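Quick notes on the structure that follows.
Please read all numbers here as calculations on a predicted model, not as lab measurements. Hydrogens, waters and symmetry mates are skipped; everything else that's a heavy atom, side chains included, is used.
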Amino acid sequence: MRPSLKIETWNLLSELGRTKSLAQAAERLDMDLPAASRLVSSLEKELGVEILDRKRKPAQIVTKSLELFSEADRIARQYQRLLKTAESIKHQDTIKPKRILKVSLPANIDRSAYLNAFSNFERKHSGLRVEVLIDAGEDGLLNGAADVAYFGYRPTKEGIAWIPAGHNVTFLMASRSYLRRNGTPQSVQELRNHTLLLRNSSNRSFSRRLENRDAVFEIESDEKVHFEDAYSCRTHLIAGEGISVDLVPSFVADELM
């Protein structure tokens, strides 16, 4: 399979994943709707996967293709980082090297608010550049991989200075289609009758313990649980294939709206 070289294709697919509408995605990218449709058709042929069901008017996203959108978004974002890196390389001989502040954020978090804050911080401190890491953990702070880290839990190792950042909570989320098919759990014990989507143990704030005031539910290994990364949990949640346990709400902000 020949790789697609048109970054606008991935930008379009990324927007399509956010808006769930080809017309809206094309409008956001200032692209003609027929041209956008041709790009999607070309990508469908290249990948051998149907993305839009054109038998419906307007065309609807094919559920099985939802996982493609997070990958397209990742490619589009990486390309923007590539452009930024290339720009810095072109000017590296004329720009004084900056000090780097390495900040670690959890993988399961919307970064838009943080990235805006980091950009404002860099503008105020021209000699400093913020570098974002993912889940460096306590060891990352202690060995110098990260300078500052945001945790979803209280650090326990000696040598780490920390301040509370307020409550960090999640809530169970499920699509309407899932609840129509399986019903709505009325207690934590009823979760045993449902498929749960839980971030796997590779994330540093992993826990099998669910709490709702005095009610506690320990997820056992034989429960109907999909242990996956955050993007996979999000994909299955949107597709109506289970109840999300520990996704941060901002991770699915567009869907919640």
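For Cys233 against Glu228, the heavy-atom pair with the smallest separation is N-OE1, 3.8 Å. Considering all non-hydrogen atoms of both residues, Leu52 and Val62 come closest at C-CG2, 3.8 Å. Heavy atoms only, all atoms of each residue included: Gly17 and Phe69 are closest at CA-CG, 3.5 Å. Between Thr235 and Ser70 the shortest heavy-atom distance is OG1-OG, 4.5 Å. Scanning all heavy atoms of the two residues, the minimum distance from Ser14 to Ala72 falls at N-CB, 4.0 Å. Taking each heavy atom of Glu255 and Lys20 in turn, the nearest pair found is OE2-NZ, 3.2 Å.
The environment of CZ in Arg181 is crowded: more than 12 heavy-atom neighbours from other residues, nucleotides or ligands sit within 6.0 Å. Within 6.0 Å of CD on Glu27 lie no more than 12 heavy atoms contributed by other residues, nucleotides or ligands.
Classified by interplanar angle (parallel below 30°, tilted 30° to 60°, perpendicular above 60°), the ring pair His194/Tyr178 is tilted.
Contact of the Met173 side chain with the Leu247 side chain is registered, since non-hydrogen atoms from C-beta on lie closer than 4.5 Å. Within the 4.5 Å cutoff, no side-chain heavy atoms of Thr195 are placed close to those of Ile243. Within the 4.5 Å cutoff, the side chain of Val245 has no heavy atoms near those of the Leu197 side chain. Between Gln78 and Arg81 there is a side-chain heavy-atom pair separated by less than 4.5 Å.
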Exercise. Going through the checks in order, is the salt bridge (Lys or Arg N to Asp or Glu O under 4.0 Å) test met by Lys84 and Glu87?
Worked result: CA-CA 5 Å; Lys84 186 176 181 179; Glu87 187 66 22; over 6 Å; no
For this session: Please step through side-chain contact (heavy atoms from CB on, under 4.5 Å) for the pair Leu43 and Trp10, ending with a clear verdict.
Result: CA-CA 9 Å; Leu43 185 60; Trp10 303 111; 3.9 Å; yes
For this session: Could you please spell out the steps behind the side-chain contact (heavy atoms from CB on, under 4.5 Å) verdict for Val148 and Lys102?
Result: CA-CA 6 Å; Val148 182; Lys102 293 173 287 187; over 6 Å; no
Problem set entry | Full working for salt bridge (Lys or Arg N to Asp or Glu O under 4.0 Å) between Glu44 and Arg54 | CA-CA 12 Å; Glu44 288 175 325; Arg54 293 177 173 80; 2.8 Å; yes
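Arg18 has a carboxylate O that lies under 4.0 Å from a charged side-chain N of Asp73, or vice versa, which qualifies the two as a salt bridge. Salt bridge status for Arg28 with Glu15: present, with a side-chain N to carboxylate O gap under 4.0 Å.
A distance of 9.0 Å separates CD1 in Ile61 from CG in Leu22, rounded to the nearest 0.5 Å.
Tracing side-chain contacts under 4.5 Å through hydrophobic residues (I, L, V, M, F, W, Y), one never reaches Val103 starting from Ile100; they form parts of separate clusters. Note on Trp162 and Tyr114: separate hydrophobic clusters, where clusters join Ile, Leu, Val, Met, Phe, Trp and Tyr whose side-chain heavy atoms are under 4.5 Å apart, directly or indirectly. Two different hydrophobic clusters hold Leu133 and Leu101 under the rule that ILVMFWY side chains link at heavy-atom gaps under 4.5 Å.
Scanning for side-chain contact (heavy atoms from CB on, under 4.5 Å) contacts around Arg176 gives Arg180, with sequence neighbours left out.
Side-chain N/O atoms of Ser175 and Ser177 include a donor and acceptor closer than 3.5 Å. Between Ser119 and Asn116, the side chains place no donor N or O within less than 3.5 Å of an acceptor N or O (distance only, hydrogens not considered).
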